Amino acid sequence: MVQTLQKAVSEAALILSEAGIDGARRDASLLLANILDADTSIFHLEPERVLNDTHHVMFQLAIERRASREPISHILGHREFWSLNFLVGPQVLDPRPDSETLIETALSAQKSGQEITSILDLGTGSGCLLLSLLSEVETARGLGVDQSLAAIEIAEQNAKRLSLDDRATFLQGNWCDSIEDKFDLVISNPPYIPIDDIESLQPEVKNFEPLAALVGGADGLDCYREIISRVKPIMKPNGMIIFEVGAGQAQEVSELLEKADFSVISCHKDLASIERCISAYF
Ligand code: GLN
């Protein structure tokens with residue numbers, strides 16, 4: 001069947017929008033551009049170009065996957081975070097733009113004098129937080145821990161792809177277990193969704209992202225409690241901890257830190273003005 005790029009995108013966008021996807025045209029364009037190994041300007045530059053049969057079939061398959069609400073990052077196999085390209089998949093949490101708030105918080109603390117030579121990332125997933133920070137702080141080294149071996153394998157590949165594997169190490173483990181070094185920065189975006197809220201999440205999240213990276217117990221705060229109760233012995237004096245928190249959790253996580261005698265507890269908002277990160281000092 002002869003089909004131009006323009007027509008292929010329009011038809012696919014209709015299918016995606018009927019499947020309830022916001023930004024259907026953007027997703028259709030991204031998927032086709034990826035198959036053509038081009039960027040999306042190709043649709044403006046060559047709208048009448050004819051799609052060959054192989055690309056046509058590949059595009060149909062990609063659109064079927066997206067219409068079933070599989071995240072676009074899983075179909076493309078990668079996701080951009082902090083302007084870096086990360087391999088992702090069903091093994092790891094998809095990096096969210098909101099999480100860039102944590103990177104900004106760490107970098108602004110460094111500007112104000114916080115030492116960042118050793119970073120520990122608890123629940124590293126794709127490694128996006130640790131590797132983004134290492135890309136900015138060239139003198140730092142980091143350790144990423146995750147209970148999932150499949151996640152560690154992705155994080156290690158990401159470190160190699162970004163040429164950061166000489167400064168990043170990854171370890172399978174349960175939070176602070178078996179860590180002996182002391183760090184001047186600990187970061188974590190732990191699973192924080194209350195178990196009963198999972199059902200109401202978008203299909204892309206509840207059907208395709210790893211549950212273990214999402215659920216934080218009955219009230220969503222289990223992982224914060226566990227990390228806060230165990231992290232001090234592996235922090236350097238004057239060390240800093242930065243957590244990402246879910247919308248509405250800032251107050252409760254600040255209180256947990258306060259009860260554990262952390263000091264200078266501060267909230268940091270994301271671009272939507274939601275309190276997204278909490279930082280505190282040992
Ligand atoms: N640290 C990773 C991220 O921020 C994974 C977090 C998680 O699995 N909860 O994307």
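Each ligand, and each atom within it, is numbered from 1 in the order the structure gives. Not measured: the values here are computed from a predicted model.
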Check: What are the atoms of ligand 1, with element, lying closer than 4.0 Å to any heavy atom of Gly123?
Finding: 1 (N), 2 (C), 5 (C), 6 (C)
Next item on the list: Go through ligand 1 atom by atom and flag the ones less than 4.0 Å from a non-hydrogen atom of Pro190.
Entry: 9 (N)
Next item on the list: Considering only non-hydrogen protein atoms, determine which one is nearest to atom 10 (O) of ligand 1 and report residue, atom name and distance to 0.1 Å.
Entry: Cys128 SG, 3.4 Å
Notebook entry, point to check: Among protein heavy atoms, which lies nearest atom 7 (C) of ligand 1, and at what distance?
Noted result: Asn189 O, 3.4 Å
Checklist line | NZ/NE/NH1/NH2 to OD/OE distance under 4.0 Å, Lys7 and Glu48 | finding: no
Item checked: Trp82 side chain near Pro97 side chain, heavy-atom distance below 4.5 Å -> no
Next item on the list: Using a strict 4.0 Å cut-off to heavy atoms of Pro191, name the atoms of ligand 1 that fall inside it.
Entry: 9 (N)
Checklist line | Proximity of Tyr224 and Phe243 rings by center, below 6.0 Å | finding: yes
Margin query: Does only the side chain of Thr124 get under 4.0 Å from ligand 1, or the backbone, or both, or neither? Count heavy atoms.
Written below: backbone
Item checked: Mode of Leu129 contact toward ligand 1 - side chain, backbone, both, neither (heavy atoms, under 4.0 Å) -> side chain
Notebook entry, point to check: Under 4.0 Å between a Lys/Arg side-chain N and an Asp/Glu carboxylate O for Asp184 and Lys236?
Noted result: yes
Notebook entry, point to check: Hey, does Ala213 come in under 3.5 Å of ligand 1, counting only N/O atoms on both sides?
Noted result: yes
Check: Any idea which heavy atoms bring Ile75 and Arg65 closest together, and the distance?
Finding: CD1-CB, 3.8 Å
Check: For Ala106 and Ile116, which heavy atoms make the closest approach, and how far apart are they?
Finding: O-CD1, 3.6 Å
Margin query: So for atom CG, which belongs to Asn238, do other residues, nucleotides or ligands contribute more than 12 heavy atoms lying within a distance under 6.0 Å?
Written below: no
Notebook entry, point to check: Below 3.5 angstrom, do we get any N/O pair linking Ser126 and ligand 1?
Noted result: no
